[in-house]
Amino acid sequence: MGVLVLNLTKSKNCFHLIDLPKYRVKECFAIFCGLILMKMLLDLVQMKEGSHAHSKVKKEQIDSVIKANLVAKAHAAKFSELVIQDNGRMKPLHTYASQLLRKISSSNTYEGMDANQVFLSMTEFPRLWVEVPLVNLKRGNDSIRKVLGVPIKTKKITLLDLFDEEGVNKLDPYLEAATSKNNPNQFEKDFIKVYENVFLLNEALSGSILKIFPLPDDEGNKWVSYLELGESNFKGRDSMAVRSLLPAYFQTLAQARKTGDYGQANELLDGIKKFQQKYGAEVMPSENKIKAEITYNKVDIFNRLYKYFAVIGVLMFVFIIIQIFREGKRINFLIKACKYIIWTFFVLMTLGLIARWYISGHAPWSDAYESIIYVAWATVFFGLAFGRKSDLTIASTAFVAAIILWVANQSWLDPSISNLVPVLDSYWLMIHVAVIVGSYGPFTLGLILGTTILLLILLTTQKNKAKMDLNIKELIIITEMALTVGLVMLTIGNFLGGQWANESWGRYWGWDPKETWALISIMIYAFVIHARLVPGLRGKWTFAVLSIFAYASIMMTYFGVNFYLTGLHSYASGDVPVTPSFVYYLIAFFVVLSAVSYPKYKKLYVKKE
């Protein structure tokens, strides 16, 4: 097995720039090995930049060598079933391999190779992958490209692109400035992102991630990689076995590539599995759980569903608008078909949440990604419940579900399954978080229905006024029901949160930012619901607009507190200090929609009210 570990910083203190836990660079062993093997890196850089005047080895040449030594997909899949220990979590290699390729290259494959084949090739031939352009660079940030000395149009870089002819990391000075701040700007965040991806790639190439050997009788159930066997307490036959398994495995792979017979290689993988079961049974996931996680990775249900929801939601909405102007059997059939398809998507979403719950061992609403997909599920649930006889409600629900799931799959959210944060390891996660985050579903439904009401007002004419008015009244009633249910859930969730706070922190209420903004949201939505009892605020347009803009308090409670403010609930503080640009476009859209729909509303509806 080839072993290559690169030092990612050339500082006098090898722990400088790598003491921040959220950047996962605390692996001292990998850095120690990197210092020892630094000369190898220097030789590589000098070979490429000295004698060849900064010329690059052609990508096609490297790819041809990699493909010539590629293992069969079926065997790579068997290799991916091995269990590793990654930051305390036990998971199949398939999970790590797929996440690695997706994170560093923003793709699920490389030149026709799946993630399993790529990772196995990296483990066997790390020297080749050092020169493969795999690390994705964010589009539009020319500064990184100038610092690295690569063309402005470069989309992906190699690991060697990070170092100059003296082996110095070109990003070092920028990383020092970025990691010293609590809230780095977007420019600095891009540098950090590249560094994180490079570290992940280095972790894979070094073999340090391949922690497949459980230590016998270890109190902490620690597993180690091949590189760490020298420091382990293996004795006798076990010591000989673990030291020979991987080298023997890679030797048999070389033979298998020639003959096409992977029998011996499969037997050695089975031997590693038996070793894991013998000494790591206490933390080893069951065979069913391993298969479930691999299936979950392959299906990638939430990433696929946002596209499906978007297509069907838009189609159903178009069909309904056509139905308003021209009703017929064919259009009714299409609307009904869309409704059944959306119900199917909801069932698939539910199965995805159940699978994630089974795999992780805890309720699937414990981090930012999980809470967003749970909000999407709750939104669809309440949309289908309230919209049983309202096609517009179901179409609107599908569309907003697509938006929520799309946000969940953005690069700044990590979809990987992880262990619970200690403070969340409580039965209250099942109760308090489920209720209070679930309340965001009805509020989100209120947002999209309020938007739909304004769109219908905008599309109203003298000819279709009767039908439009009927649809608007229907949506007003459903919106009011949704907001009422959301308000009740949010209020109950707040009281339950007080009980959990008393157990965890010894007090029921402490004006923490999360608590305060939850209370503000309760007050705002209580006003929205009761505003229709005030003579001057009874209008349909007013209620729709309030339903839309009241959602800003939920966004502040949900995202703002977690990412912008500091408090006991700010578990994700600092992760996304820059507001995504699409938020400003949405606000502008809602303001413009509210403004342009008001004259039509005043002309056709005010007299009637």
Side-chain angles (χ1 to χ4, degrees), residues 365 368 371-372 374-379 381-383 385-386 400 404 424 426 428-451 453 476-505 507-534 536-538 542-573 583 587 590:
W365 43 75
S371 63
I372 291 176
Y374 176 58
V375 169
W377 180 89
T379 302
F381 172 79
F382 286 107
F386 294 140
V400 77
I404 298 171
L424 295 178
S426 167
W428 283 108
L429 176 67
M430 287 275 295
I431 306 170
H432 163 64
V433 179
V435 174
I436 206 161
V437 176
S439 72
Y440 302 159
F443 291 141
T444 308
L445 184 61
L447 165 74
I448 192 64
L449 291 182
T451 305
I453 291 167
I476 288 285
I477 293 170
I478 295 173
T479 304
E480 192 169 4
M481 289 169 58
L483 297 187
T484 303
V485 170
L487 179 60
V488 170
M489 290 179 67
L490 183 60
T491 305
I492 292 173
N494 227 23
F495 278 106
L496 293 174
Q499 295 293 330
W500 191 1
N502 186 49
E503 285 189 15
S504 299
W505 304 315
R507 50 82 174 160
Y508 291 97
W509 188 269
W511 296 104
D512 181 76
K514 192 80 163 185
E515 298 166 351
T516 304
W517 273 100
L519 178 60
I520 292 171
S521 297
I522 290 171
M523 295 171 68
I524 287 174
Y525 274 99
F527 171 77
V528 173
I529 291 172
H530 291 88
R532 300 196 69 226
L533 302 177
V534 179
L537 299 175
R538 283 179 183 171
T542 304
F543 182 68
V545 170
L546 290 176
S547 299
I548 293 171
F549 288 97
Y551 197 73
S553 66
I554 296 299
M555 285 292 94
M556 187 62 199
T557 306
Y558 184 37
F559 281 110
V561 171
N562 281 1
F563 296 120
Y564 293 86
L565 303 181
T566 301
L568 294 171
H569 293 81
S570 304
Y571 308 122
S573 179
V583 173
I587 294 172
F590 290 135

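Residue Ile529 holds its CD1 atom at 11.0 Å from OG1 of Thr479, rounded to the nearest 0.5 Å. One finds the CH2 atom of Trp377 at 7.5 Å from the CZ atom of Phe382 (value rounded to the nearest 0.5 Å). Between atom OG1 of residue Thr557 and atom CG of residue Leu519 there is a gap of 9.5 Å, rounded to the nearest 0.5 Å. Taking OH of Tyr374 as the start and CD1 of Ile404 as the end, the distance is 13.0 Å to the nearest 0.5 Å. Between the NE2 atom of His530 and the CG atom of Leu537 there is a distance of 13.5 Å, given to the nearest 0.5 Å.
Considering Leu483, Val485, Thr491 in turn, Thr491 is the only one that fulfils the side-chain contact (heavy atoms from CB on, under 4.5 Å) rule with Leu487.
Using a 4.5 Å heavy-atom threshold, the side chains of Tyr558 and Ile372 count as touching. Annotation: side chain of Arg532 is in contact with side chain of Ile476 (closest heavy-atom distance under 4.5 Å).
Heavy-atom minimum distance, Ala518 versus Leu490: O-CD2, 4.1 Å. Contact record, Ala434 with Trp365: CB-CZ2, 3.5 Å, taken as the closest heavy-atom pair. In plain terms, the two heavy atoms of Tyr525 and Ile554 that are nearest each other are CE1-CG1, 3.7 Å.
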Worked verdict on Ile431 versus Trp500 for side chain to side chain contact (heavy atoms under 4.5 Å, CB included): CA-CA 10 Å; Ile431 306 170; Trp500 191 1; over 6 Å; no
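Distance alone, capped at 3.5 Å, is enough to place a donor-acceptor pair between the Glu515 side chain and the Gly510 backbone. Judged by distance alone, the side chain of Thr379 and the main-chain N or O of Val375 form a donor-acceptor pair under 3.5 Å. With His432 contributing its side chain and Gly497 its backbone, the two residues share a donor-acceptor pair below 3.5 Å.
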What donor-acceptor contacts under 3.5 angstrom involve side-chain atoms of residues 435-450, with partners at least two apart or in another chain?
from	atom 1	to	atom 2	distance (Å)
Ser439	OG	Ile436	O	2.5
Thr444	OG1	Tyr440	O	2.6
Thr444	OG1	Tyr551	OH	2.6

